[in-house]
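To start, the structure itself, in structure tokens.
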Amino acid sequence: MGTPDFAIPSLTLLLASDNTLAGVVTQPDRPRGRGKQLQPPPVKVLAQQHGLPIIQPEKVKEEDCLQWLKAQHPDLIVVVAFGQILPPRILSLPLHGCINLHASLLPYYRGAAPINRTIMNGDTKTGVTSMFMNEWMDTGDILIQRETDIEPDEDAPALRNRLATLGAKLLLETIHLLKRGELSSLPQDHSKASYAPPLKKEDGKINWQRSAQEIQNQIRGTLPWPGAFTKVGNKLLKIFKSGMGEGTPQGPPGTVTDVSTSGITVSTGNGHLLITEVQLQDRKRMAAAEFVKGNPIPTGTQLGCC
């Protein structure tokens, strides 16, 4: 069971392993792009290429889905970024239960957006966890965990790719130990649990009163959506890349203090932020140094939003 790109490395390794894939459950096709044409999820595309049986229930608790799963006679169900919580009738169906791959070091960052939230919070370490599933969200017993450092300039898409690869190997290792009867589990310490709710549009709105480092973490963590944004004049300005600027802040937070070939330097509540890649409303994404050639931003300009 899986849906987005994050699940592709896991499905790829499973296909190459000595395990037999009885079928794939993924989300329905959704409209995407400017034309809003129905597009299949990445997991469906890969499953079709290998001729696997596929079902795409709107709700996994639908009776048709349950009967389809029963007909596959699964020994084990593995779940990687599927996007729905499994009901007890499915959890109890496979002989060996259901195993989930989660992109955090549980019990930290339970929920839908662990990768984004860990970067936004300025964490320097994260990891992946395999766990037995129960009927609640990310609360099952831990099986195996792998930790990894978060690079200082690493954004959410880059970290997601790394964790997807790391997690796929962890998932295969988990299944291998299960088949050998050597898999052990450990209950989570629920008193240490933290949560990673889905991102909202307002998570991208920059508050220049925050420190440069906090804003930098926000820019890295809110990609690819909603992305960090502010306003220059009456137009929305999305910020895709940035770094720490130099010097003592001059003027109120949000003040442009320097424009150079390095980018746009902005004063914050603590320190300077150097903006290096932007996209103005109704324009294409580009390096900040190129952007200011056609869109001059004088020093002293106040950035702010809504």
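Along the sequence shown, the residues carry numbers beginning at 1.
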Partners meeting side chain to side chain donor-acceptor pair (under 3.5 Å) with Q48 (sequence neighbours left out): none
For the residue pair P41 and D29, establish whether any side-chain heavy-atom pair is separated by less than 4.5 Å. yes
Heavy-atom count around K235 NZ within 6.0 Å, excluding the residue itself: above 12? no
Is it true that, when you exclude Q49 itself, more than 12 heavy atoms of the residues, nucleotides or ligands shown sit nearer than 6.0 Å to its CD? yes
Side-chain H-bond candidate by donor/acceptor type, Y109 with N121, under 3.5 Å: yes
Does Q37 have more than 12 heavy atoms from other residues, nucleotides or ligands lying within 6.0 Å of its CD? no
Going by the rule salt bridge (Lys or Arg N to Asp or Glu O under 4.0 Å), which residues pair with E182 if we only count those two or more places apart in sequence or in a different chain? R180
Identify, with sequence neighbours excluded, every residue that meets side chain to side chain donor-acceptor pair (under 3.5 Å) alongside Q302. T255
For the residue pair T3 and R30, establish whether any side-chain heavy-atom pair is separated by less than 4.5 Å. no
Are any side-chain N or O atoms of T129 and backbone N or O atoms of S104, one a donor and one an acceptor, separated by less than 3.5 Å? yes
Mind listing the closest non-hydrogen atom pair of R117 and P198 along with its distance? NH2-O, 3.2 Å
State, yes or no, whether a side-chain contact exists between I90 and L66 at a heavy-atom distance under 4.5 Å. yes
Is the shortest heavy-atom distance from the side chain of L199 to the side chain of M120 under 4.5 Å? yes
Side-chain heavy-atom pair P57, D64 within 4.5 angstrom cut-off: no
Would E154 and K125 pass as an ion pair if we require N to O under 4.0 Å? no
So which atom in I175 and which in N19 form the shortest heavy-atom distance, rounded to 0.1 Å? CG2-OD1, 3.7 Å
For K36 and P31, work out which heavy atoms get closest and say how close. O-CB, 3.4 Å
Residue pair I8, V43: steps toward the side chain to side chain contact (heavy atoms under 4.5 Å, CB included) verdict: CA-CA 6 Å; I8 292 298; V43 163; 4.2 Å; yes
Run the salt-bridge test on R162 and E151 with the 4.0 Å N-O cut-off and return the result as yes or no. no
Could you check whether atom NZ of K44 has more than 12 heavy atoms from other residues, nucleotides or ligands sitting under 6.0 Å from it? yes
Please assess S10 against V78 for the test side chain to side chain contact (heavy atoms under 4.5 Å, CB included), listing each intermediate value before the final yes or no. CA-CA 10 Å; S10 292; V78 294; over 6 Å; no
Side-chain heavy-atom pair N295, R283 within 4.5 angstrom cut-off: yes
